[in-house]
Chemist: 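Provided herewith is a single structure, encoded as structure tokens, for subsequent inquiry.
The figures that follow rest on heavy atoms only: side chains count, while hydrogens, waters and symmetry mates do not.
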Amino acid sequence: MSRTILLGGSGFLGPVILSKDSEIISIGRSPIESSLKNKHLDLPSLDNLEILDNLDFDKVIFLIGSSNHHEINQKITMGIDYNVYPLQKILKYLSNRKLKKFICFTSMLLYDQSKLQNPVDEKQIINPYTNDYIFSKFLSEEIVRYYEKKVPSIIVRLSNIYGYTKLIRPDLVPTLMQNVLDKDEVTIWNDKPKRDFIFTEDAADAILKLINTDYTGIINLGTGEMNSIKTITSEVKKLSGKNIRSLDKPVSGPMELSVDTTLTKKLINWSPKFSLKEGLKKTYDIMRSYHQK
């Protein structure tokens, strides 16, 4: 019987994936949410992976790492320490196991912004040397390639993922939601960029389908639709009644980005269930319930 383990179940996306399949075993140093029905195995350190020796599994979802590119770009070794070393440790261990599939996550920011053409497919040119964060994601992908003969893997390059969380996150939407719940007036750097925003529940559905395919390699994951930050702030303003003001500061990253979903649709029967408006409303309602407790 096929069994899946998930490392990083106490983070942003992990709890959503676990909530969709109670048979997935959570592995990590932090306990998962009490509302989840999944079994959790405490793993204090990736240096002691022998705790997995007697565990029966053949698929792995790996969510350990940091997406805080602002902090990583300010701290010299953080990208290596948080994104590269953990991946190398788990893949070295898994190279001695008979695995059906390993799935991990990098970023759409790897694509060369000067040559980027929307919608972005997996064949477009990358530029890993933009900053420390992007370079750490590039090194992560190279490690996966190094072990690819022993560990069949999928690398998911995620577009802008958003959703509800109790964590303090660097991402736009969770930060925006937390701010409108705490402040009378909220500011953002710039509302002009347009991105492909994917709701965590839709991403989780796609991931659970992808891990059961025979595919190995890189896949972009997004909705195929592009929305501006201004559209998001307008919806959040309607939901919260709070004023959100753009400071019109310069921002990094492409001004426009959408994902070519051709490969995704070829591999799995999947399409997003949530429109941006619906995803934002669910995010706001749930995060407001956290705030009221």
Side-chain angles (χ1 to χ4, degrees), residues 2-14 17-18 21 24-30 32 38 40-69 72 77-110 122 126 128 132-158 161 203-204 206-221 267:
S2 181
R3 179 63 65 86
T4 301
I5 63 171
L6 184 150
L7 290 96
S10 62
F12 179 50
L13 180 57
I17 297 175
L18 292 173
D21 187 348
I24 297 175
I25 299 174
S26 167
I27 310 288
R29 63 184 180 185
S30 301
I32 58 176
N38 307 74
H40 176 76
L41 181 63
D42 185 46
L43 180 66
S45 170
L46 289 172
D47 293 323
N48 302 113
L49 288 168
E50 63 273 6
I51 194 172
L52 304 180
D53 287 352
N54 297 320
L55 189 62
D56 183 23
F57 65 92
D58 54 18
K59 296 175 185 175
V60 177
I61 301 171
F62 190 77
L63 287 166
I64 294 174
S66 174
S67 61
N68 192 335
H69 50 93
I72 287 175
T77 65
M78 184 177 173
I80 305 297
D81 293 340
Y82 282 62
N83 292 331
V84 180
Y85 286 156
L87 191 58
Q88 186 172 27
K89 289 175 182 178
I90 189 67
L91 285 171
K92 175 65 176 177
Y93 173 81
L94 293 174
S95 65
N96 296 311
R97 303 275 306 232
K98 291 185 178 181
L99 217 63
K100 289 184 178 178
K101 194 61 58 66
F102 176 86
I103 190 164
C104 64
F105 303 84
T106 60
S107 173
M108 293 288 293
L109 293 174
L110 276 160
E122 291 77 9
I126 67 169
D132 289 341
Y133 173 75
I134 293 173
F135 187 59
S136 76
K137 292 299 186 180
F138 168 71
L139 291 178
S140 297
E141 293 192 357
E142 290 300 295
I143 288 171
V144 174
R145 291 189 184 96
Y146 179 78
Y147 287 101
E148 64 184 359
K149 291 183 179 180
K150 294 183 178 180
V151 185
S153 303
I154 295 175
I155 298 169
V156 177
R157 289 178 179 163
L158 272 172
I161 190 166
I207 291 160
L208 291 173
K209 287 178 178 288
L210 284 169
I211 202 170
N212 289 309
T213 66
D214 293 329
Y215 179 77
T216 58
I218 291 166
I219 186 167
N220 297 338
L221 183 56
L267 292 172

Chemist: Are there over 12 heavy-atom neighbours, none belonging to K89, within less than 6.0 Å of that residue's NZ?
Modeler: yes
Chemist: Could you give the side-chain donor-acceptor pairs of residues 78-85 under 3.5 Å, partners two or more places apart or in another chain?
Modeler:
from : atom 1 : to   : atom 2 : distance (Å)
D81  : OD2    : T77  : OG1    : 3.0
N83  : OD1    : S66  : N      : 2.7
N83  : ND2    : S66  : O      : 3.2
N83  : ND2    : S136 : OG     : 3.1

Chemist: What I want to find out is whether E141 reaches R157 closely enough, with some N-O distance under 4.0 Å, to be called a salt bridge.
Modeler: yes
Chemist: Run through I103, I17, L7 and flag the one making a side-chain contact (heavy atoms from CB on, under 4.5 Å) with L63.
Modeler: I17
Chemist: My understanding is that only residues two or more places apart in sequence, or in another chain, count here; which of them pass side chain to side chain donor-acceptor pair (under 3.5 Å) with D214?
Modeler: none
Chemist: For the OH atom of Y215 and the CG atom of L210, what is their distance to the nearest 0.5 Å?
Modeler: 9.0 Å
Chemist: Taking side chain as C-beta onward, heavy atoms only, is I25 less than 4.5 Å from F57?
Modeler: no
Chemist: What are the two closest heavy atoms between I161 and A203, and how far apart are they?
Modeler: CD1-CB, 3.8 Å
Chemist: Quick one: are I61 and F105 in side-chain contact, heavy atoms under 4.5 Å?
Modeler: yes
Chemist: How would you list, by chain and number, every residue that makes a side chain to side chain donor-acceptor pair (under 3.5 Å) with Q88, sequence neighbours excluded?
Modeler: none
Chemist: Evaluate N212 against K59 for side chain to side chain donor-acceptor pair (under 3.5 Å), listing each step before the verdict.
Modeler: CA-CA 9 Å; N212 289 309; K59 296 175 185 175; 2.3 Å; yes
Chemist: Report the residues that fulfil side chain to side chain donor-acceptor pair (under 3.5 Å) with E142, sequence neighbours left out, ordered by chain and then residue number.
Modeler: R145
Chemist: Are the side chains of I211 and I154 in touch, meaning some heavy atoms are under 4.5 Å apart?
Modeler: no
Chemist: Less than 4.5 Å apart, side chain to side chain, heavy atoms only: is that true for L13 and I207?
Modeler: yes
Chemist: Please answer whether the main-chain N or O of S153 pairs with a side-chain N or O of E148 as donor and acceptor at a distance below 3.5 Å.
Modeler: no
Chemist: At what distance, to the nearest 0.5 angstrom, does CG of L87 lie from CG of L139?
Modeler: 10.5 Å
Chemist: I'd like to check the side chain to side chain contact (heavy atoms under 4.5 Å, CB included) partners of K150; sequence neighbours left out, ordered by chain and number.
Modeler: S95
Chemist: Closest approach of I134 and L109, non-hydrogen atoms and distance?
Modeler: CD1-O, 3.5 Å
Chemist: Could I get the full list of side chain to side chain donor-acceptor pair (under 3.5 Å) partners for S140, not counting sequence neighbours?
Modeler: none
Chemist: Give the minimum heavy-atom separation between I218 and E122, together with the two atoms involved.
Modeler: O-CG, 3.6 Å
Chemist: Rounded to the nearest 0.5 Å, what's the gap from CG on L49 to CD1 on I51? Could you check?
Modeler: 9.0 Å
Chemist: Could you walk me through whether L46 and I64 pass the side-chain contact (heavy atoms from CB on, under 4.5 Å) test, one step at a time?
Modeler: CA-CA 10 Å; L46 289 172; I64 294 174; 4.2 Å; yes
Chemist: Side chains of L18 and I32: closer than 4.5 Å at any heavy-atom pair?
Modeler: yes
Chemist: For the atom pair CG (D21) and CD1 (I24), what is the distance rounded to the nearest 0.5 Å?
Modeler: 4.0 Å
Chemist: Is D58 paired with R3 through a side-chain N to carboxylate O contact shorter than 4.0 Å?
Modeler: no
Chemist: A side-chain contact here means heavy atoms from C-beta on lying under 4.5 Å apart; do L43 and R29 qualify?
Modeler: no
Chemist: Under a 4.5 Å cut-off applied to non-hydrogen side-chain atoms, are I27 and L55 in contact?
Modeler: yes
